[in-house]
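Read through the structure below, which is laid out as structure tokens, and then see the notes.
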Amino acid sequence: MTITETGLKEREASPSGDALEARDVRVVFGDATVLNSATASVRPGEIVGIVGPNGSGKTTLLRAMAGLIRPASGEVLLGNRPLSEISPRQRASIIGYLPQSTANHSFTASEFVLMGRYPHIGRFSLEGRRDRELAAEAMERTGTIEFASRRLEEMSGGERQRVALARLLAQQARYLLLDEPTSSLDMQHQQLTMETAREEADSGAGVAVVLHDLSLAARHCDRLILIHSGSVVAEGEPWDVITRDNLRRFFSVNAAVEPEPISGRPGVSLLDVADDDAVNSPLRVHIV
């Protein structure tokens, strides 16, 4: 699957900066500090994986970078411009955010995907032929065109998740922020989703994705950011972040980290807790 030349040119014409960056961001909910001086960035042309145990602050970081949460301190920058200075409508034409789940609605799939074009449509205008073409193209790429006339409330969680990805693609944002986009998907559609993310990065978009499957993250991401207890504790290429020591310290598991046979990227296998050195005794293939 490829992106049409016209669609690619339309994205390249969008305003963009060198990077979307969270700089020393602190987020507080009530009395709890959820993010503590977290710094992370995504640049055009790369996929950045955000990993960490449950409750570590991954979603909060992604939402702050999307401009959906105002930090208590620190700032989010688009290039050298604070994101807070950009209007919500213009921000939506630059940054696309995919939440963990999509609620039931009475909209049909095609109506929902077409909503992704709204940031590019005038305030009192209606969608045009090109908007409908881009929405249809996004549904073709995500394998959801067969759902076009079905209502979201009639779909499974995984099907809605794929339709939501199509809506994000139709938005043609410069930066795509995906929160656990594979969580409800079978293996085939997990692969399709990550291949689509790679196509977007190869077309010039910056992609940040929260993932729980560390092997999947290592296989598809250029860089990984590991968050623990609201702080960034490791960052770099997959082999620099997915190490036995990091898995023991931040995930509280004993695991072997070995090259996957095809990609050569790190593959994670859990080991018997009682045998710290039993690297040949895997219990599971992936941490999920």
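In summary, the side chains of Asn104 and Arg151 do not present any donor paired with an acceptor at a separation below 3.5 Å, with no hydrogens or angles considered.
Sparse packing is recorded around CZ of Arg70, with 12 or fewer heavy atoms of other residues, nucleotides or ligands lying under 6.0 Å away. No more than 12 heavy-atom neighbours from other residues, nucleotides or ligands sit within 6.0 angstrom of CD on Glu237. Around CZ of Phe250, the count of heavy atoms belonging to other residues, nucleotides or ligands within 6.0 Å exceeds 12.
Thr182 contributes no side-chain N or O that, together with a main-chain N or O of Leu185, makes up a donor-acceptor pair within less than 3.5 Å. In this structure, the side chain of Lys58 engages the main chain of Gly52 through a donor-acceptor pair within 3.5 Å. Between the side chain of Gln171 and the main chain of Ile95, a donor-acceptor pair closer than 3.5 Å is present.
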Would Met139 and Leu114 satisfy side chain to side chain contact (heavy atoms under 4.5 Å, CB included), going step by step from the backbone distance to the final call? CA-CA 10 Å; Met139 297 186 76; Leu114 192 55; over 6 Å; no

Just do the side chain to side chain contact (heavy atoms under 4.5 Å, CB included) check on Thr243 and Val257 with the steps written out, would you? CA-CA 6 Å; Thr243 66; Val257 181; 5.8 Å; no

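In this structure, Ile94 and Leu20 have side chains that are not in contact, with every pair of non-hydrogen atoms separated by 4.5 Å or more. Taking 4.5 Å as the limit, some side-chain heavy atom of Met65 sits within range of a side-chain heavy atom of Val42. In this structure the side chain of Ile69 reaches within 4.5 angstrom of the side chain of Phe29, judged on heavy atoms. Counting heavy atoms from C-beta on, the side chains of Ser183 and Gln161 come closer than 4.5 Å. Residues Glu159 and Thr144 have side chains not in contact (no heavy-atom distance under 4.5 Å, counting atoms from C-beta outward).
Of all heavy-atom pairs between Leu61 and Ala22, the closest is CD1-CB, 4.0 Å.
Between Arg223 and Asp240, no side-chain nitrogen of the basic residue sits less than 4.0 Å from a carboxylate oxygen of the acidic one, so the salt-bridge criterion is not met. Using a cutoff of 4.0 Å between basic side-chain nitrogens and carboxylate oxygens, Glu133 and Arg130 are scored as salt-bridged.
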